[in-house]
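In what follows, a single structure is set out as structure tokens and then discussed.
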Amino acid sequence: MKIFRCVLVAILFSTLLTGCWGAKEIEHMIYANTVGVDYVKGKVVIYIQMVNFSGIAKKESGQSQPQKTSVGRAEGDSFDTAIFNLYASSPQRIIWSNVKTVVFSEAALKHNLIKEVLEVWDRYYEFRYTVWIMATKDPLEEVLNTSSISDLSVIYSQLNSPMRTYEQSSMVAPIYLYKFIWKWKEEGEAVLLPFIRIVKGWTDNQKPSPNISMSGVCVLNDQKLKGCIDDGDILGLRWLERKTKRTPLAIMHHKEVEAMMVMNKIKPSIRPRISRGKPVFDIKVSMQATLPQLSTRLHKKKLELEAIKEIRGQIMKTYQKGLEMDADVYGLSGVLHRSMPKEWKKWSHNNQLPLDSESIGQIDVKVNLISGGISKMR
């Protein structure tokens, strides 16, 4: 009788348990990996790059499987309507919680679609703020269809994992969406949005395999696009970026590389002061250096002085490039706003500080060459 009662109780309790009848298999859903936002002929165009998790699992378990890149496209009168038009053509449910990167076209930036996208991003629970945000001048569909070499998944590409490359060669600092929003909304702040382009030079089984590279920045002041600066004119940014890990510096003589130095432990600071009745900013940068290449016999002190001269020149060149497009590339307005708010209110106009070639005061650069062929320089 006791056994019968136990069996009866077990049956009754089992009817109360929830099952997995409503669960969906991972391969039955579409996971958006990268979101692209464009503006074409008065329409908002959205792209999603999808990732195949089952293929990644087989790759990591030792089973070779080529990684496929799938891209969906839809357009609408707004970002939200474009998303719903994308749902209408999707074969399965789209999951947004796995998005790693958002890429804006230059046209989308000019039409201020960032504000519209952030409005939707704030309201839908699946979207996250720990995603990378970038821009591009290349066609978005081509950017998102750029495959990785060696059958690597796109989640390991520079598009979705930019810090891996940045730690080895720090040129353009990646930025998370949450930090972008903070700077974008803060009075006087400048936002440096990395822009990417498709570059050639890689091959896969002797076939051309274009790759993605960060090659410049788009500058936004007061939530407006000021312009984009290419790689040749952004070299000064890395000396004032606290996230810079490791970056090269070439010492040139008659258009030939005299020495190649690798700079690390970079510590920048910008201090505002009032001089002759207007704000002036003093810049200090200190760093260590190693010397992997030396083509001539130079004294250690001479190399340090040459490096200081080159770094000062790069800082001023980037600053001047910003002035040409009325952009505050070093965020000097934000520095004054935080340090001297009364002076900022006095001198600012439309939430921005008027800058000119004399707004930069002293540039104090210290370079300590610590290793790399020291005996050759004595």
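Residue indices begin at 1 and follow the sequence shown.
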(Q) Within the 4.5 Å heavy-atom criterion, are Met214 and Gln158 side-chain neighbours or not? (A) yes
(Q) Looking at Lys302, I want to see if its NZ is surrounded by more than 12 non-hydrogen atoms of other residues, nucleotides or ligands under 6.0 Å. (A) no
(Q) So does Gln362 get a backbone contact from the side chain of Asp282, meaning a donor-acceptor N/O pair under 3.5 Å? (A) yes
Q: Determine the minimum heavy-atom distance between Ala190 and Asp328, stating which atoms define it.
A: CB-O, 3.0 Å
(Q) Please report the interatomic distance CD1(Ile198) to OG(Ser213), rounded to the nearest 0.5 Å. (A) 11.5 Å
Q) Is atom NZ of Lys243 surrounded by more than 12 heavy atoms (other residues, nucleotides or ligands) closer than 6.0 Å? A) yes
Q | Nearest atoms (heavy-atom pairs only) where Gly36 meets Leu140 | A | C-CD1, 3.9 Å
**Q.** Side-chain heavy-atom pair Tyr47, Val143 within 4.5 angstrom cut-off
**A.** no
Q: Sort and list the pairs that fulfil side-chain hydrogen bond (donor to acceptor under 3.5 Å, both in side chains) and have at least one residue in residues 330-340, not counting sequence neighbours.
A: Glu189-Arg338, Ser333-Trp344
Q: Look at the side chain of His299 and the backbone N and O of Lys301, then say whether any donor-acceptor pair between them is shorter than 3.5 Å.
A: yes
Q. Which atoms form the tightest heavy-atom contact between Met325 and Cys228, and what is the distance?
A. CE-O, 3.7 Å
Q. Roughly how far apart are Glu304 CD and Ile251 CD1, rounded to 0.5 Å?
A. 11.0 Å
Q | Pair Asn33, Asn160: side-chain N/O donor-acceptor within cut-off below 3.5 Å | A | yes
**Q.** Qualifying residues under side chain to side chain contact (heavy atoms under 4.5 Å, CB included), relative to Tyr129, sequence neighbours excluded
**A.** Trp121, Asp122, Leu177, Tyr178, Ile181
Q) So with a 6.0 Å cut-off around CZ of Arg73, is the heavy-atom count from everything else above 12? A) yes
Q) Quick one: does Ser359's side chain have a donor or acceptor within less than 3.5 Å of a partner on Leu355's backbone? A) no
**Q.** Point-to-point distance, once rounded to the nearest 0.5 Å, from CG of Leu237 to CD1 of Ile229
**A.** 6.5 Å
(Q) If you count heavy atoms of other groups shown closer than 6.0 angstrom to NZ of Lys245, is the number above 12? (A) no
Q.
Between Glu358 and Arg276, does any NZ, NE, NH1 or NH2 come within less than 4.0 Å of an OD or OE carboxylate oxygen?
A. no
Q | Ionic contact status for Asp80 with Arg123, cut-off 4.0 Å | A | no
Q.
Strictly distance-based, threshold 3.5 Å: is any side-chain N or O of Arg238 a donor or acceptor partner for the main-chain N or O of Leu235?
A. yes
Q) Are any non-hydrogen side-chain atoms of Gln49 and Thr101 less than 4.5 angstrom apart? A) no
Q) Would you call Glu186 and Lys183 a salt bridge, taking side-chain N to carboxylate O under 4.0 Å as the test? A) no
(Q) Is there a path of hydrophobic side-chain contacts, each under 4.5 Å between heavy atoms of I/L/V/M/F/W/Y residues, joining Met260 to Met287? (A) no
Q.
Quick check: do Leu332 and Tyr319 have side-chain heavy atoms less than 4.5 Å from each other?
A. yes
Q: For Met29 and Gln92, work out which heavy atoms get closest and say how close.
A: CA-CB, 4.3 Å
(Q) As an exercise, state the distance from CG of Leu305 to NZ of Lys300, rounded to the nearest 0.5 Å. (A) 10.0 Å
**Q.** Transitive ILVMFWY side-chain link Val280 to Ile315, under 4.5 Å
**A.** no
Q. Counting distance only, does the side-chain N/O of Thr318 pair as donor-acceptor with the main-chain N or O of Asp233 below 3.5 Å?
A. yes
Q) Is there side-chain contact between Ile95 and Met50, with at least one heavy-atom pair below 4.5 Å? A) no
Q.
Would Arg271 and Asp364 count as a salt bridge (Lys or Arg N to Asp or Glu O under 4.0 Å) here? Give the steps.
A. CA-CA 12 Å; Arg271 297 186 181 276; Asp364 182 14; over 6 Å; no
**Q.** Side chains of Leu118 and Trp184 in contact at under 4.5 Å (non-hydrogen atoms)
**A.** yes
Q.
Using a strict threshold of under 4.0 Å (side-chain N to carboxylate O), is an ion pair present between Lys321 and Asp230?
A. no
Q.
Testing the basics here: between Pro248 and Ser169, what is the closest heavy-atom pair and its distance to 0.1 Å?
A. CD-OG, 4.0 Å
Q) Which one of Ile133, Thr136, Val172 satisfies the side chain to side chain contact (heavy atoms under 4.5 Å, CB included) criterion with Pro194? A) Val172
Q) In chain order, what residues pass the side chain to side chain contact (heavy atoms under 4.5 Å, CB included) check against Ala135, with sequence neighbours excluded? A) Leu109, Leu193, Phe195, Cys218
(Q) I'd like to check Phe79 versus Glu119 (side-chain heavy atoms, cut-off strictly below 4.5 Å). Are they in contact? (A) no
Q) Taking atom CZ of Arg246 as the centre, does the number of heavy atoms from other residues, nucleotides or ligands within less than 6.0 Å exceed 12? A) no
Q) Under 3.5 Å, is there a donor-acceptor pair linking the side chains of Gln314 and Glu310? A) yes
Q.
Could you tell me if the side chain of Ile30 sits less than 4.5 Å from the side chain of Pro91, heavy atoms only?
A. yes
**Q.** Cluster check Leu240, Leu323: I/L/V/M/F/W/Y, side chain < 4.5 angstrom
**A.** yes
Q.
Tell me the closest heavy-atom pair linking Ala32 and Ile94, and the distance in Å.
A. CB-CG2, 4.3 Å
Q) From Lys267 NZ over to Gln288 CD, what is the distance, rounded to the nearest 0.5 angstrom? A) 8.0 Å
Q: Return yes when atom CZ of Arg273 has more than 12 non-hydrogen atoms of other residues, nucleotides or ligands closer than 6.0 Å, and no otherwise.
A: yes
Q) Do Trp182 and Met134 share a hydrophobic cluster (ILVMFWY, side-chain heavy atoms under 4.5 Å, transitive)? A) no
Q | side-chain contact (heavy atoms from CB on, under 4.5 Å) evaluation trace for Leu291 with Met261 | A | CA-CA 5 Å; Leu291 190 69; Met261 306 173 75; 3.7 Å; yes
Q. Under a 4.5 Å side-chain heavy-atom rule over Ile, Leu, Val, Met, Phe, Trp and Tyr, are Met252 and Val262 clustered together?
A. no
Q: Please say which of Tyr31, Tyr125, Phe127 ends up in a ring pair (Phe, Tyr, Trp, His ring centres under 6.0 Å) with Trp96.
A: Phe127
